[in-house]
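Taking it in order: structure first as structure tokens, then the write-up.
Sequential numbering from 1 along the given sequence is applied to the chain's residues. Atoms within a ligand are numbered from 1 in the order they appear, just like the ligands themselves. These numbers come from the heavy atoms of this one structure, side chains and all, not from hydrogens, waters or symmetry mates.
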Amino acid sequence: MKVDVLLGLQWGDEGKGKVVDVLTPGYDVVTRFQGGPNAGHTLEFEGNKFVLRSIPSGIFQGGKINVIGNGVVLDPALFKGEIDALEVSGHPLTERLKISKKAHLILPTHRLLDAAYESAKGEGKIGTTGKGIGPTYTDKISRNGLRVGDILHNFEEKYSKAIARHKEILKQYDFEYDLTELEKAWFEGVECMKRFEFIDSEHYINNALKSGKKVLAEGAQGTMLDIDFGSYPFVTSSNTVCAGACTGLGVAPRNIGEVYGIFKAYCTRVGAGPFPTELFDETGELMRKIGSEFGAVTGRPRRCGWIDLVALKYAVMINGVSKLIMMKSDVMDAFDTIKACVAYKVDGIETNQFPFDLNEGAEPVYVELPGWKTNMTKMQSEDEFPEEFNAYLTFLEEQLEVPIKIVSVGPDRAQTIIRYND
Ligand code: GDP
Ligand code: IMO
Ligand code: MG
């Protein structure tokens, strides 16, 4: 068997959590491969709403194993909060969730470093989620990190050494802080983690594949936030693209199967950085209002704009997307016309190639399509789609050269239309 990968093609928050939950019945194992609690994946079903940060979105479907892979960075304190919230709501987790020994730990001081680096950047700050993601990956790459497996061996000593190093750096930044409460919550989190099995996840996943099990890898963030291919430096610190599933799980490239690329019918971004199709007018405001575009983790208003096909084509290419999934189609129900950016003007020259540095300015070139002005939220099958909506789908499929398999018409699990089965 091969690992299917589901990942975001825009700047995150495409609706990955919802669709992973919908697809989970077809899989045995669901696994996260990168990112950490900077993610906020929302799931809605049977009148409940959950936001997951580190735990894979397959956790609500019984009989499935969820794995936090080696490429993930994990904050024990936030992890405990997530576990507690799920267990209060009656979802048993101990047997369903396993954690890679090689996943890196976000230490309490990583969060402080994140804040210190951001404030030192002043105007040029990234607008991170403040969860210590960058500093933790920095320590991983510079070979100073602590991993989940370290908890089991001589941990106090390794922890104290790492914290002392961080304190030195914080001193250089004149950063004031009080670690006491943070550390208390963090160590309670470590105790909570010990209830779960720490595994050699690369063996676990590969053995699962060998024995015919189906594995779904759940991306976090989105392609435009990828450390290599996103709008650098306004990106996150991991490889959010499909290749990240290989390194973040220990799966060989030839063992990747379907690549599900997920995008909104429009586009959003949280935090700083370039966003060519961003709208600053009432149209953008309307998208934010209808789409409830406020960060699942930070509550920050999301910046909104039209769909950007230059960026999407680039994302389809980098990830080798085999199936597309379009989310939040219903948010466009109210619009008379829908715009799609098909090219950029860079230095006055039109191009449809994603440029080296989006920060240097890219003016969107739009085509306009008629809106459908129909409430789609209760639709159950594509037979009910309005003509204009079908035309929008066809236009996108022609532009992106990949079929759209799933259309989402609302936040609930049930508001999902699978256009065809393979
Ligand atoms: P993720 O990070 O990719 O999992 O996405 P988020 O959960 O951060 O953001 C997606 C938001 O849109 C959540 O509030 C979802 O409940 C909501 N959502 C998902 N699909 C749809 C949809 O088709 N229509 C509408 N209106 N909301 C949706
Ligand atoms: P999900 O998985 C949207 C953004 C932050 C910031 C930049 C760097 O829910 O789609 P970081 O804390 O990672 O160092 O922040 O990346 N960002 C996200 N934006 N969705 C996310 O995750 C994000 N995770 C990080 O806003 O601009
Ligand atoms: Mg999110």
#### Entry: Charged N-O contact under 4.0 Å between E218 and R32
no
### Ion pair check, E293 and K328, cut-off under 4.0 Å
yes
### Message
If the threshold is 4.0 Å, N to carboxylate O, is there a salt bridge linking R111 and E183?
### Response
no
### Query
Charged N to carboxylate O below 4.0 Å: is that the case for E202 and K101?
no
### Task
Ignoring angles and geometry beyond distance, decide whether K49 reaches within less than 3.5 Å of ligand 1 through its nitrogen or oxygen atoms.
no
### Task
Examine the proximity of ligand 1 to I262 and report which part, side chain or backbone, both or neither, has a heavy atom under 4.0 Å away.
neither
### Task
Over 60° means perpendicular and under 30° means parallel, so classify the ring planes of W11 and F275, tilted if in between.
tilted
### Task
Identify, by atom number and element, the atoms of ligand 1 in contact range of P411, meaning under 4.0 Å from any of its heavy atoms.
16 (O), 18 (N), 21 (C), 22 (C), 24 (N), 25 (C), 26 (N), 27 (N), 28 (C)
### Task
Number the atoms of ligand 1 from 1 as they appear, then name those within less than 4.0 Å of a heavy atom of M327, with their elements.
20 (N)
### Message
Quick check: E14 and ligand 1, any N/O pair under 3.5 Å apart?
### Response
yes
### Message
I'd like to check which ligand 1 atoms, numbered from 1 as shown, lie under 4.0 Å from a non-hydrogen atom of S408.
### Response
20 (N), 21 (C), 22 (C), 23 (O)
### Message
So for ligand 1, is G12 a polar contact partner (N or O within less than 3.5 Å, distance only)?
### Response
no
### Query
Would E188 and K184 pass as an ion pair if we require N to O under 4.0 Å?
yes
### Task
Please confirm whether F229 and F354 have ring centers closer than 6.0 angstrom.
no
### Query
Would you say G410 and ligand 1 have an N/O pair spaced under 3.5 Å apart?
yes
### Summary
for atom 26 (N) of ligand 1, nearest protein heavy atom and its distance come out as D330 OD2, 2.7 Å
### For atom 27 (N) of ligand 1, the protein heavy atom that lies nearest, with its residue and separation
K328 CE, 3.3 Å
#### Entry: Of the listed options K18, R302, E293, closest to atom 9 (O) of ligand 1 (non-hydrogen atoms)
R302
### Within the 4.0 Å heavy-atom sphere of ligand 2, strictly under, residues
W11, G12, D13, K16, N38, A39, G40, H41, I126, G127, T128, T129, I133, A220, Q221, L225, V235, T236, V270, G271, R300
### Query
Which part of D13 is near ligand 1, with near meaning a heavy atom under 4.0 Å away: side chain, backbone, both or neither?
both
### Query
Who's the nearest protein heavy-atom neighbour of atom 7 (O) of ligand 1, and how far?
T42 OG1, 2.5 Å
## Note on the structure
In ligand 1, the atoms that come under 4.0 Å of a heavy atom of G17 are 4 (O)
### Message
For the Mg ion (ligand 3), which protein N/O/S atoms fall under 2.8 Å? Skip waters.
### Response
D13 OD1, G40 O
### Task
Decide yes or no on side chain to side chain contact (heavy atoms under 4.5 Å, CB included) for L216 and V3, but give the supporting numbers first.
CA-CA 6 Å; L216 177 63; V3 174; over 6 Å; no
### K98 bridged to E197 by N-O distance under 4.0 Å
yes
### Task
Run the salt-bridge test on D139 and R165 with the 4.0 Å N-O cut-off and return the result as yes or no.
yes
### Query
Under a 4.0 Å N-O cut-off, is there an ion pair linking K214 with D28?
no
### Task
Quick one: sort the F389 and Y392 rings into parallel, tilted or perpendicular, breaks at 30° and 60°.
tilted
### Query
So, are E118 and K121 salt-bridged, with charged N and O less than 4.0 Å apart?
no
### Message
Checking the side chain of N255 only, and the main-chain atoms of V251 only, is there a donor and an acceptor separated by less than 3.5 Å?
### Response
no
### Message
To check you understand the geometry: which heavy-atom pair defines the closest contact between T128 and R300, and what is its length?
### Response
O-NH1, 3.7 Å
### Task
Go through ligand 1 atom by atom and flag the ones less than 4.0 Å from a non-hydrogen atom of E44.
16 (O)
### Query
What orientation do F45 and H91 show, parallel under 30°, tilted 30 to 60°, or perpendicular over 60°?
perpendicular
### Query
For ligand 1, is Q10 a contact, meaning one of its heavy atoms is under 4.0 Å away?
no
### Query
Taking atom 8 (O) of ligand 1 as the point of reference, which of S292, G40, A265 owns the nearest heavy atom?
G40
### Message
Ring centroids only, cut at 6.0 angstrom: are F356 and Y232 within range, meaning strictly under it?
### Response
no
### Task
Could you tell me whether R302 and D13 make a salt bridge, using a distance below 4.0 angstrom between a side-chain N and a carboxylate O?
yes
